[in-house]
Amino acid sequence: MFRAHSRKAGAGSTMRRSLLATVLAAAGVLAAAAPGAADGNDGPSGEGAGATATLKGLAASGAVELKRNGRPELVQAGLFNLDVAGTGTLQTYCIDVFNPTQPQARYQETPWKQSSLHNNRDAGKINWILQNSYPQVKDLAALGKAAGTGPLTKEQAAAGTQAAIWRFSDHIETRAKDPAADKLAAYLEKAAEPLQEPRASLAFDKPAVSGKSGEKLGPLTVTTSAAGVRVALNSQEKGVKLVDGDGKPVTTAANGTRLYVDVPKGTAAGTAGLRAEATATVPVGRVFTGVGRNKSSQTMILAGSTSSTVTAAASASWSADAKAAVPSVEARQNCEKGAVDITATNKGGTEYTFSVAGKQHTVKAGGSVTVPVPVADKQTYDIKVTLPGGEERRFQGILDCRTVAQGTTGGTGGKPSAPAAPATSGPSASPAAGGGSDKAPGGDLATTGASATTVAAGIGAAVLLAAGAGAVVLSNRRKARAGK
């Protein structure tokens, strides 16, 4: 079962409804984080849509030595398990070694350009390693033969694979303590070739469309790795329906399908929510970034997946008056600029003014305006946008676009950047981050962000989720009516 919601303005509020901007996120594009949280839409949307999952812990690991500010550190490195809301399991490696994981961290599928891989010219080589090592290669005797190590255990394969990945994701020196694992890492590093970024498991090309009654609003283009997608539209206005390019009503879609919201002429101003759902195997190489409002959690990259439920959402808004403004506002994390881009569009016939961070901006009829709001990396943000009539949108999240090893210089790939100062909680393998250190032969080890056992701490139901890379959450607030 899946659903889309719509919230309709009260009597006498035609202008207010025409100003409702539908904003949905994911991997940096805005979305309502909880059912009915914003304009009645629920679920992730846009480029950051797809799978969401909860960190469970390390599944197979081994000791890896790495350099931090010139000093060696020993960490427990390997393959993580994440749970997709009871519908499937994801297996991931870390691509931000010095950033700790958070207990029971929530993760959202995210495009490379909205993650620490956005300016990493070695990103494609990481994808090659994932495609050609454990767990994609389940025959560990064959993997060991290719690497010249002899048969490998899961722990050796996981540690060696993670050590090789860090050489490209964080551009740091790594050495697996087990000789066979270290030889595997050297083989993978030397053999790696650049591969393309895989497509999203499920996403729309934009979070919202807008226009006037009597038009087909769109298109919204579906991107998916699934064979088929279920789609549904929820509108409280009679006659509004979801159609294809020929105007035929649709309930299913596939990769590349272009969808439209058909709004009959004369329909009162309003909004509608679009929801998509599919059962898919998330493509290996997709990035997963932590989502939430308090702390960033080390970025992961997918190494394996069972079939899981994936979702995406979008919305439509329209005006009944051809001369009225039709505002629509969205936000997208911009890793290149170190900012969150607030983009307001206007498909109506009259300009309108909105404000961001206390500054006003005017959007002409048929135009759009993008306002970049600078945000420090791995810092939370809370951006308020005020629309005409007192409507407010709040965009909250964490910008997580660089590895800690990249520091403030932002590594360009191929060469290590100046490392950041040591974090007080230790490396990504911090015992503090994972609820205690794991031990292995040879001494105490930190772990790569979580203990090998399932992390116990729960996450509150009040935590709002978004997707992307940097992930974003949204909540609607309306100014009080008469008397305030």
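Note that the structure is predicted; figures quoted are calculated from it, not measured.
One side chain, Thr110 or Thr289, offers a donor N or O that lies under 3.5 Å from an acceptor on the other.
Checked by atom type and distance alone, the side chain of Asn346 pairs as donor or acceptor with a backbone atom of Gly348 at under 3.5 Å. Between the Trp318 side chain and the Ala268 main chain, a donor and an acceptor come within less than 3.5 Å of each other. Between the side chain of Trp112 and the backbone N or O of Asn119 there is no donor-acceptor pair closer than 3.5 Å. Judged purely by atom type and a 3.5 angstrom limit, Asn334 has no side-chain atom pairing as donor or acceptor with the backbone of Gly338. Under the 3.5 Å distance criterion, the side-chain polar atoms of Gln136 are matched with a main-chain donor or acceptor of Ala303. A distance-only check finds no donor-acceptor pair linking the side chain of Asp170 to the backbone of Ile172 [under 3.5 Å]. When atom types are taken as modelled, the side chain of Thr87 and the backbone of Val84 share a donor-acceptor pair closer than 3.5 angstrom. Counting only distance, with no hydrogens or angles, the side chain of Lys216 and the backbone of Gly245 share a donor-acceptor pair below 3.5 Å.
Atoms CD1 and CD, from Ile126 and Gln131 in turn, are 12.5 Å apart once rounded to the nearest 0.5 Å. From Leu202, atom CG reaches atom OG of Ser308 across 12.5 Å, with rounding to the nearest 0.5 Å. Taken from CD in Glu277 to OG1 in Thr309, the straight-line distance is 5.5 Å, to the nearest 0.5 Å. Separation of atoms NZ (Lys125) and CZ (Phe168) is listed at 5.0 Å; rounding is to 0.5 Å. How far CZ of Arg402 is from CG of Leu399: 9.0 Å, rounded to the nearest 0.5 Å. Here CZ of Phe395 is found 12.5 Å from NZ of Lys384. Values are rounded to the nearest 0.5 Å.
In this structure, Glu351 does not pair ionically with Lys364, as no charged nitrogen and carboxylate oxygen lie closer than 4.0 Å. Between Arg332 and Asp341 there is no salt bridge, since no side-chain nitrogen of the basic residue lies less than 4.0 Å from a carboxylate oxygen of the acidic one. Salt-bridge check for Glu197 with Arg286: passed, with a basic side-chain N closer than 4.0 Å to an acidic carboxylate O. Here Asp96 pairs with Lys378 in a salt bridge; the nearest charged N to carboxylate O distance falls below 4.0 Å.
When side chains are defined from C-beta on, Cys94 counts as touching Gln162, because their heavy atoms get closer than 4.5 Å. Using a 4.5 Å heavy-atom cutoff, the side chains of Ile301 and Asn127 are not in contact. Within the 4.5 Å cutoff, the side chain of Lys56 has heavy atoms near those of the Gln104 side chain. At least one side-chain heavy atom of Ile95 sits under 4.5 Å from a side-chain heavy atom of Ile165. Within the 4.5 Å cutoff, no side-chain heavy atoms of Val329 are placed close to those of Phe354. At a threshold of 4.5 Å between non-hydrogen side-chain atoms, the residues Pro135 and Leu79 count as touching. In this structure the side chain of Thr271 never reaches within 4.5 angstrom of the side chain of Gln236, judged on heavy atoms. The shortest side-chain heavy-atom distance between Thr54 and Tyr107 does not fall under the 4.5 Å cut-off.
Taking both residues in full, the closest heavy atoms of Ala164 and Glu189 are given as CB-N, 4.4 Å, listed atom of the first, atom of the second, then distance. Closest non-hydrogen pair, Ala365 versus Gly349, comes out as CB-C, 3.5 Å. Of all the heavy atoms in Val282 and Ala51, the pair that sits closest is CG2-CB, 3.9 Å. Across every non-hydrogen atom of Asp83 and Gly88, the tightest pair is OD1-O, 3.6 Å. For the pair Val209 and Gly218, the tightest heavy-atom approach, listed with the atom from each and the gap, is CG1-CA, 3.8 Å. The minimum heavy-atom distance between Ala53 and Leu82, with the atom names listed, is CB-CB, 3.8 Å.
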- Message: Under the criterion side chain to side chain contact (heavy atoms under 4.5 Å, CB included), I'd like the reasoning laid out for Val243 against Leu259: C-alpha separation, chi angles, the key distance, then a yes or no.
- Response: CA-CA 6 Å; Val243 301; Leu259 300 172; over 6 Å; no
- Message: Ser213 vs Thr267, test: side-chain hydrogen bond (donor to acceptor under 3.5 Å, both in side chains). Steps then yes/no.
- Response: CA-CA 6 Å; Ser213 298; Thr267 302; 4.9 Å; no
- Message: For a side-chain hydrogen bond (donor to acceptor under 3.5 Å, both in side chains) check, start with the C-alpha distance between Thr279 and Ser307, then their side-chain angles and the critical distance, and finish with the verdict.
- Response: CA-CA 6 Å; Thr279 300; Ser307 292; over 6 Å; no
- Step by step, would you call Thr161 with Ile129 a side chain to side chain contact (heavy atoms under 4.5 Å, CB included)? CA-CA 7 Å; Thr161 303; Ile129 291 173; 3.8 Å; yes
- Task: Go through the steps to decide whether Asn255 and Thr223 satisfy the test side chain to side chain contact (heavy atoms under 4.5 Å, CB included), and finish with yes or no.
- Result: CA-CA 5 Å; Asn255 184 56; Thr223 296; 3.9 Å; yes
- Query: So Asp400 and Gln333, side chain to side chain contact (heavy atoms under 4.5 Å, CB included) or not? Walk me through it.
  - Reply: CA-CA 9 Å; Asp400 198 351; Gln333 293 185 353; 5.9 Å; no
- Message: Pair Thr306, Thr89 - check side-chain hydrogen bond (donor to acceptor under 3.5 Å, both in side chains), show working.
- Response: CA-CA 6 Å; Thr306 64; Thr89 299; 4.6 Å; no
- When you look at Ser201 and Glu109, which way does the side-chain hydrogen bond (donor to acceptor under 3.5 Å, both in side chains) test go after all the steps? CA-CA 8 Å; Ser201 63; Glu109 184 180 344; 2.6 Å; yes
